[in-house]
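Only this structure's heavy atoms are used, side chains among them; waters, hydrogens and symmetry mates stay out. Just so it is clear: chains get the letters A, B, ... in the order the sequence lines come, proteins before strands, and each one is counted from 1.
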Amino acid sequence: MRFNVKAHGRNFFHRVAFLFCSFQYALILNILSISAYADTPSLQDISLQSGISLSDWIALPSAKENIPSFDTAKQAAIYIRNYGPYRELLDIVYRATQNPDYEKSTVNEYNAKDKLAELAVARRALGDWPNLTMGYAYAAAYSGDTKKTTEALKQWLVVVSPNHPQRNQIVALLVRQERDGVAVLEIATAATAMKKAHAANVLVQVQAGNPDAMDEYAALLESGDGVAKNPTEAQSWRLKARDAHQQQVQQQQQDQLAAKQSRIENFEFFPGTTSALSMLNDSDPLSSTFVGLPFALLGVIVTFPTEILLLPFKTSDLNAIKNEAAYGPASWAKPDSMIAKAARQQNIRVLPVDLAAQ
Amino acid sequence: MSRIFIALLGFFLAGCVVTPPQHDETSSLAISSAGWQVLHSHLENAPLLARQSLLNLERDRVQVSVEAESGNAEKVPDAQRVLFEILMLGRNPILSSDTTFESVQTIVTGDSPPAQKTFAAALAAYLIQPDFACRQPIYTRYFRQRYGVTDADEVCEEDVPFAVKTHYDGVKIIWVNPMRVKSIHLLFAANSDRIASRFGHVALRLVICPQGKSMAADCDANLSEHLVLGFMANIDDLSLDTFKALQGKYKAYLFASPFMDTYRGYAIDEFRDIYSLPLRLTDVQRELMVRELADIHWRYTGEYHFFTRNCATLMQDALRSTWPELAASKAMGSTFLRPDSWFEAFKFSELAEGNKLSDLEAAERDGFYFSNTKIFYEQALNFVRNKMPSSAFKDLVSYLEIDPVDRRKMINEPVYASALKGDSHLFGAQLLLEEYAVLRSERQMAIDGAKYFLQQDFLSRKDEIRAQLDDEHVAVFEKCLLAPLQQRYNPLRNASGIPGKADNIEISQIQSASCQSIKNEKQLREAIEKINDKNSEQWQRFNKIAQYWIDSVGNVMALKNFRSQGQLSKTP
């Protein structure tokens, strides 16, 4: 260890006990090259450039987050360098490294390079912590970089608890790497094999018609975990999942709908106006000269009312209605208009089949 | 060839300099005699202006300093960086920005001069990057015109991407093959009474042929793939702040939208006529214009001033820069501030096929005019009213104000149901009215939703909200609601020009795909139910309009199934 603590006062036992208990915190001191602290002042006594004390900064909501942001953690790491290894600061950095985005399980062949860059930045700013370093090792392994993988795994052994269950396995891997020159990348191939096995299990449930499994399979297709990445197919499975789910609740929904009829009594559709068509006044946020929030957020908004989540019809039917509604007016009133021709060319049904044929 | 030569030159220059440090340091780079020798030996075929200008640098024995970009050193090619630094010296006016470049820069990026840094970066990239002409075609044209550099070697990707804002699905990347664009029209949405559209709105329409078809009739009717490109202000508030809009506080971008969304917005939602005027362009001009519009689409960010920098003026600037005939036209030489005035003048100019709009009946058949739908709905309403024995409505408003459940009862009355069964025109009219109720209530739902957001002010209450929820619900709430709220404003941009397919353009979806999962939606609903003030008037109203919408959709569904069932089901 390259650090030496000679603190005294109320914080002393608190801090020292914590440091000895936390191997990870000790390591961060090493990484941050903190070599000597003598007569460390209390947090209240440290005044930051902004004028607030360090204890005030630690009490800010951003520092209290379960998983503080990267910027907050980076700032905490800077304060550790400048003022010392205060438990509260170390705790902020530690919690930030628990960000799920840093987990090794989030790495796959498609995002490995981006993850490698992201985790390199995080390691530089926050130091080596078990999560970060192992995530980096996986990203390097998926990228096929033996050197970086080896370096990260070695570093992981340094920062991780001596009792970590995976420790012996990594040591064995590094020994084999030293001996054969080709071992560390196995962490990626092993992880891929597990992901493929998991994806295969999910697919079995998908084929049995399980909507939750369809959702999960869509997530796998989006990320490329265990299956070939295919966002388009993922979206298709999302829709299928919704339809399957909606079918399941349809019966229950029928009963609820009957009870709802009274709810819309006395509802004034266009309050305070005499004309529905002039309802949208000058402050209409949907004016087509501007591109704004409401359309963009419609997807978010429609998830709000309880009823809408349990729509008594399929998403695909709803999409068809919206499409047909756009082509419908001109097709009905002016069958020789270009809109009507387009509807016919694109097989958009503006009338039910048997009527359109008349 | 000349660009290859200059690219080689750049690398030679870079090879002759002291290796730059990797991070955050600055050093002086002296270009060696050997480097200049290399320059001499390769300048023979270079364009005169560029050759002479670069040779002059030897006489001056220029030294440049290169500052590596922190963490970005690998991304910036050395040769390009060195060349950039040489050009930044600005010692030779021939290698410096001029007023033409400044105006081109303003048109493409919206940035204002001083432009020397932009100029140096662009020229260095032009000389070094092999795909520069494909990514930034407008700057490329400028450099070719100025330096006489010709380069027929570059082969661009067939398709150019547009980040298309869709009505329902957020932003989608659509790849357009300029060769499939049969024509480009100037689109004009007629004036309305609202402040924001008092003088109408102009945009461009790309008439894109279906894959594998090039007959005019196929292309014209392929409306679902046609795109509309228009300068619009991007509202970064929950509702339009008219005062802010008039002050030019909203940013303008060249947005892309599906034509059918545009049609729906104007002709159905706002009851405005749309005119579509074909521009007289050659095939080459058209292809180049599509690429150059894509360039602007990915890079332009400027202020939107309702009266002086609006959809019309910005589009005129853009077209003048990409279309020499327009720039040279006497009739269209001055800038029109009003969209309607510009469109009217354009219609009678030699640059457009104005005759296509002389007969609106024919124009509507041929896809040059799209009448507003108000009269269609009114026709449908009158038709239905005459056939429905107990019609309790006199116009569209009174029809919409009837509870959808009661409307279904009216439709299901035996006499009327029987008429519906035997008269397809009547059936179509009835379906049209119910579809209109769906569209109208959906629009109202969006408006009420925005008001609800304003009222709830989730963003500023996030700490309070987190305290009320468990970790899992907090995570979903932040990812699926707060994050989209915070990120919703930023259109996709790409400072280096038109992205290629290898760039894997990131789409910042309004809602990430995983938020659409059943589990996440359920958790989001639970989270909102927990924190929501259910007694608020806005929430009640929002739920009511949602219920109205659902019941109207139910009516449409029931009508569509009507024939097979013989009557509508009793409940929506």
Side-chain angles (χ1 to χ4, degrees), chain A residues 61 66 211 215 219 222 234 238 241 245 257-258 260-261 263-264 267 269 275-276 282-283 285-301 303-309 312-313 317-318 321 325-326 328-330 332-333 336-338 341-342 345-346 351-352 354-355 358, chain B residues 167 194-197 201 221 223-224 232-235 238-240 242 255 260 264-266 364-365 367 373 376-377 379 397 400-401 403 405 424 427-428 432 435 438-439 446 449-450 463 481 484 488 510-511 513-514 516-518 521 524-525 528 543-544 546-548 550 556-557 560 563 571:
Chain A
N66 285 340
D215 244 0
E222 265 156 20
R238 289 258 184 251
H245 179 71
L257 281 170
K260 278 178 200 159
Q261 286 180 26
R263 291 189 52 188
I264 54 173
F267 174 55
F269 189 36
S275 165
D282 284 340
S283 63
L286 304 187
S287 165
S288 298
T289 304
F290 296 85
V291 173
L293 168 73
F295 282 145
L297 268 185
L298 198 58
V300 177
I301 292 168
T303 63
F304 272 28
T306 307
E307 295 83 354
I308 293 179
L309 282 173
F313 29 77
D317 290 334
L318 192 56
I321 289 174
W332 178 80
D336 63 343
S337 66
M338 184 55 74
K341 287 179 203 166
Q345 179 179 301
Q346 289 151 45
L351 283 177
D354 54 344
L355 291 181
Q358 283 182 12
Chain B
H167 190 84
R194 296 183 200 112
I195 286 179
S197 47
H201 177 68
L223 295 180
S224 64
M232 288 193 276
N234 188 44
I235 303 178
L238 285 158
S239 64
L240 173 64
T242 311
F255 282 101
M260 282 309 293
R264 183 185 146 160
Y266 291 126
E364 190 159 20
R365 274 198 310 271
T373 55
F376 302 157
Y377 287 119
Q379 282 172 3
V397 176
L400 292 178
E401 285 177 343
D403 183 328
V405 177
S424 63
F427 187 91
L432 211 58
E435 284 174 345
V438 171
L439 295 180
D463 291 329
L481 185 69
R488 69 193 183 272
I510 296 304
Q511 246 187 320
S514 64
Q516 294 169 19
S517 74
I518 299 165
E521 282 196 353
L524 181 59
R525 186 185 62 177
I528 289 169
N543 267 276
K544 282 177 180 173
Q547 186 61 52
Y548 182 101
I550 287 173
V556 173
M557 294 289 295
K560 289 173 77 169
R563 295 285 287 190
T571 55

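Residue A:Trp332 comes nearest to B:Phe376 through the heavy atom pair CZ3-O, 3.7 Å, listed as atom of the first residue, atom of the second, then distance. Residues B:Arg365 and A:Met338 come closest through the heavy atom pair O-CE, 3.5 Å. In terms of heavy-atom proximity, A:Pro329 sits nearest to B:Leu432 at N-CD1, 3.3 Å. Counting all heavy atoms, side chain and backbone alike, A:Ala333 lies closest to B:Gln379 at CB-OE1, 3.7 Å. Between B:Tyr377 and A:Ala325 the shortest heavy-atom distance is OH-O, 4.2 Å.
Both the backbone and the side chain of A:Asp336 come within contact range of chain B, with heavy atoms under 4.5 Å apart. For B:Leu223, the parts sitting under 4.5 Å from any heavy atom of chain A are the backbone and the side chain alike.
Panel note: side chain A:Gln346, backbone B:Ala221; a donor-acceptor pair is recorded below 3.5 Å.
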